[in-house]
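Since the structure comes first, as structure tokens, the remarks are kept for the end.
In what follows, every chain begins at residue 1, and chains take the letters A, B, ... in the order their sequences are listed.
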Amino acid sequence: MTLYFHIDVNSAYLSWEAVSRLQHGDALDLRLIPSAVGGDPKSRHGIILAKSIPAKKYGITTGETLHEALEKCPHLLVVPPRYGLYMQASEAMHRIFLEVSPYVQRFSIDESFMMIPGSGVDYLRLGEDLKTRIREELGFTVNIGISSNKLLAKMASDFSKPDALHTLFPEEIPQKMWPLPVEDLFMVGRATRPKLKALGIHTIGDLAATPRSYLVHRLKSHGEMIWEFAHGLESSKIRMDQSAWSKGVGNGTTLPRDIDKPRDAFLYLLGLSESVALRLRLGQKLARVIMIRLKSSEFKSYTHQRTLLSPTDETPVIYETLKSLFMEAWRGESLRYLGVRLTGLSEPTPYQYTLFDSPEKESQRALDRQIDALRLRYGKNVIQRGVFLHKRVKPLIGGVGEEDYLMMSSLL
DNA sequence: TCTGGGGTCCTAGGACCC
DNA sequence: TCTGGGGTCCTAGGACCC
């Protein structure tokens with residue numbers, strides 16, 4: 001029988017912070033005290049990203065505001081996130097996985113699936129050895145779930161934490177999975193949960209006992225999917241060699257303060273264009289659809305998009321399109337967030353010039369590439385557009401920092 | 001000191017073509 | 001003047017995940 005493992009780092013960001021600090025001579029282990037990784041409230045990024053187990057005992061939850069967390073636990077130690085460090089830790093763990101099996105799917109920065117082919121494998125031993133190896137070589141703990149498909153392996157890895165190994169084979173479903181609250185099921189989120197409650201469905205077992213046709217009637221294809229999940233039915237394969245994104249790439253940011261002038265919005269859009277276009281070019285893709293996302297100070301979010309005649313990876317084309325999209329979409333209210341997303345991706349070779357492309361097209365692409373090379377070699381701050389001088393807006397906004405460079409560094 | 005950022009997939013309506 | 005159906009593409013919004 002083919003086996004699937006799901007490996008999940010316990011309190012990932014916080015564990016990695018703790019390990020890094022210990023390695024750099026810090027005597028304090030963040031995992032042993034009430035602590036959290038969180039953003040900066042001054043720039044309106046103040047939410048809890050990860051918490052220690054002692055912090056959890058105070059009722060602190062991921063996603064809540066730092067303000068709320070500090071009310072629950074005034075002596076909570078909060079440290080800022082360092083995404084570059086987390087990418088390194090994730091990479092190191094991934095390299096260990098590949099020594100165990102070539103069939104590894106990275107599901108997120110701290111979760112992976114692994115397929116173990118063949119029969120007669122001592123999977124408990126294999127799992128325990130993997131846990132031990134990660135703990136001894138990398139200094140942090142993981143949960144491992146084992147089953148005959150990815151869904152059940154993922155459900156198993158969530159059972160009890162930390163540093164635990166669980167199985168959830170089909171015959172164990174009634175005993176181990178059906179008693180759990182329905183919101184513990186993968187793909188039952190905060191919108192589906194109340195709908196199910198209204199139907200009298202409170203546990204995963206209740207969901208499994210509900211007629212499939214009834215759920216399809218009420219919840220369409222989503223209902224069908226979660227009914228199958230409740231029965232442990234899932235058969236997707238390991239998806240290998242996936243980049244972090246394959247359908248689209250985006251960057252967005254909550255603004256340090258509300259803005260209500262297009263001129264201010266344009267500066268952020270330029271910074272977002274630079275980072276998203278750089279990522280697109282590093283991934284060697286072109287995009288045909290450009291989308292802007294706006295969020296008002298009242299948290300009302302909306303999007304506007306345009307499909308281009310020919311796909312592009314050029315920063316100026318993306319930026320000019322975004323300005324135009326902004327002017328069409330903006331409802332005149334003050335804005336809290338601006339985001340950019342590029343989809344409709346294609347391969348850039350050979351570049352398809354249209355009849356109307358100007359000769360400057362070639363030189364613009366060459367310029368973009370030279371700037372990319374400089375940023376990769378000397379860091380993202382080595383070169384920036386003049387409009388950002390003496391401004392507080394960053395010339396590259398969003399996740400194009402150490403993390404993406406690290407992802408790409410194996411190519412360079 | 002209110003509420004992050006980066007993804008995927010699905011649905012529904014309208015345009016457009018045959 | 002009115003009446004069709006199917007297929008594809010585009011757009012906007014919403015649900016879910018980490």
Side-chain angles (χ1 to χ4, degrees), chain A residues 6 8-9 11-13 37-50 61-71 74 76 78 80-81 83 86-87 90 106-113 150-151 154 157-158 183 185-195 219-226 229 236 239 242-258 272 275-276 279 288-309 325 328-329 336-345 397-401 403-404 407:
Chain A
H6 179 255
D8 190 345
V9 179
S11 311
Y13 289 3
V37 177
D40 179 12
K42 283 203 204 69
S43 58
R44 311 202 293 186
H45 288 63
I47 65 158
I48 300 288
L49 298 163
T61 57
T62 302
E64 76 178 342
T65 61
L66 250 54
H67 179 66
E68 290 167 324
L70 287 168
E71 275 184 348
L76 182 73
V78 182
Y83 295 104
Y86 311 152
M87 280 304 303
S90 176
R106 271 179 115 149
F107 192 62
S108 72
I109 194 167
D110 70 326
E111 285 184 34
S112 288
F113 291 102
K150 284 158 64 179
L151 181 269
K154 180 159 169 59
S157 72
D158 216 29
E183 62 268 26
L185 185 65
F186 182 63
M187 293 304 284
V188 176
R190 62 186 172 90
T192 307
R193 190 184 94 114
K195 292 179 193 170
L219 301 173
K220 308 289 173 64
S221 64
H222 190 71
E224 183 169 33
M225 180 177 64
I226 60 176
F229 285 180
S236 68
R239 293 201 278 181
Q242 273 207 180
S243 95
W245 43 271
S246 55
K247 297 288 165 61
V249 56
N251 284 116
T253 190
T254 293
L255 313 170
R257 55 179 57 84
D258 289 348
L272 290 165
S275 54
V276 86
R279 293 174 67 198
R288 204 162 80 92
V289 182
I290 298 180
M291 182 173 89
I292 189 172
R293 176 178 296 277
L294 304 88
K295 194 196 281 180
S296 73
S297 44
E298 273 80 49
F299 272 78
K300 187 167 171 42
S301 151
Y302 52 101
T303 64
H304 189 42
Q305 70 179 53
R306 182 177 303 159
T307 301
L308 304 176
L309 287 172
L325 287 168
E328 289 169 13
R336 172 185 181 90
Y337 170 98
L338 281 173
V340 171
R341 182 152 195 88
L342 308 177
T343 55
L345 303 188
I397 304 169
V400 74
E403 58 268 47
D404 273 21
M407 288 283 266

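Among the atoms of the strands shown, only primed sugar atoms or phosphate atoms (P, OP1, OP2) are found under 4.0 Å from some heavy atom of A:Y302. When heavy atoms are screened at a 4.0 angstrom cut-off, A:K300 is found touching no nucleic acid atom at all.
Looking at residues two or more places apart in sequence or on another chain, you find a side chain to side chain donor-acceptor pair (under 3.5 Å) between A:S90 and A:R106. The side chain to side chain donor-acceptor pair (under 3.5 Å) test applied to A:K154 returns A:E111, not counting sequence neighbours. Among residues two or more places apart in sequence or in another chain, the ring pair (Phe, Tyr, Trp, His ring centres under 6.0 Å) test is passed with A:Y337 by none. By the side-chain contact (heavy atoms from CB on, under 4.5 Å) test, A:F229 is found to be paired with A:L151, A:L185, A:F186, A:M187, A:M225, A:E234, residues two or more places apart in sequence or in another chain being considered. Checked against salt bridge (Lys or Arg N to Asp or Glu O under 4.0 Å), A:E298 has no partners two or more places apart in sequence or in another chain. With sequence neighbours left out, the side chain to side chain donor-acceptor pair (under 3.5 Å) criterion links A:T254 to no other residue. Scored by the side chain to side chain donor-acceptor pair (under 3.5 Å) test, A:S301 finds A:R293 as partners (sequence neighbours excluded).
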*When Watson-Crick pairs (N1 to N3 and N6-O4 or O6-N4) and G-U wobble pairs (N1-O2 and O6-N3) count only below 3.5 Å on both distances, what is the dot-bracket string of DNA chain C, with | for other-strand pairs?*
....||||||||||||||
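For the C1' atoms, the distance from C:dC17 to B:dG4 is 15 Å, rounded to whole Å.
Residues A:V289 and A:L342 fail the side-chain proximity criterion, which asks for heavy atoms closer than 4.5 Å.
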Polar atom pairs between nucleotides 12-16 of chain B and protein, under 3.5 Å, N or O only, would you list them?
unit_1, atom_1, unit_2, atom_2, d
B:dA12, OP1, A:K220, NZ, 3.1

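Here the side chain of A:H304 is nearest to one of C:dT11, B:dG4, C:dC17, namely C:dT11.
For the OP1/OP2 pair of B:dG7 and a distance below 4.0 Å, the side-chain nitrogens and oxygens of A:R341 include at least one atom meeting the criterion. A sub-4.0 Å separation between OP1 or OP2 of B:dG5 and a side-chain N or O of A:T254 is present. Taking 4.0 angstrom as the limit, A:R288 places a side-chain polar atom (N or O) nearer than this to OP1 or OP2 of C:dC10. At the phosphate of C:dT11, neither OP1 nor OP2 sits under 4.0 Å from any side-chain N or O atom of A:T303.
Taking the syn range as angles within 90° of 0, the glycosidic angle of B:dC2 is syn.
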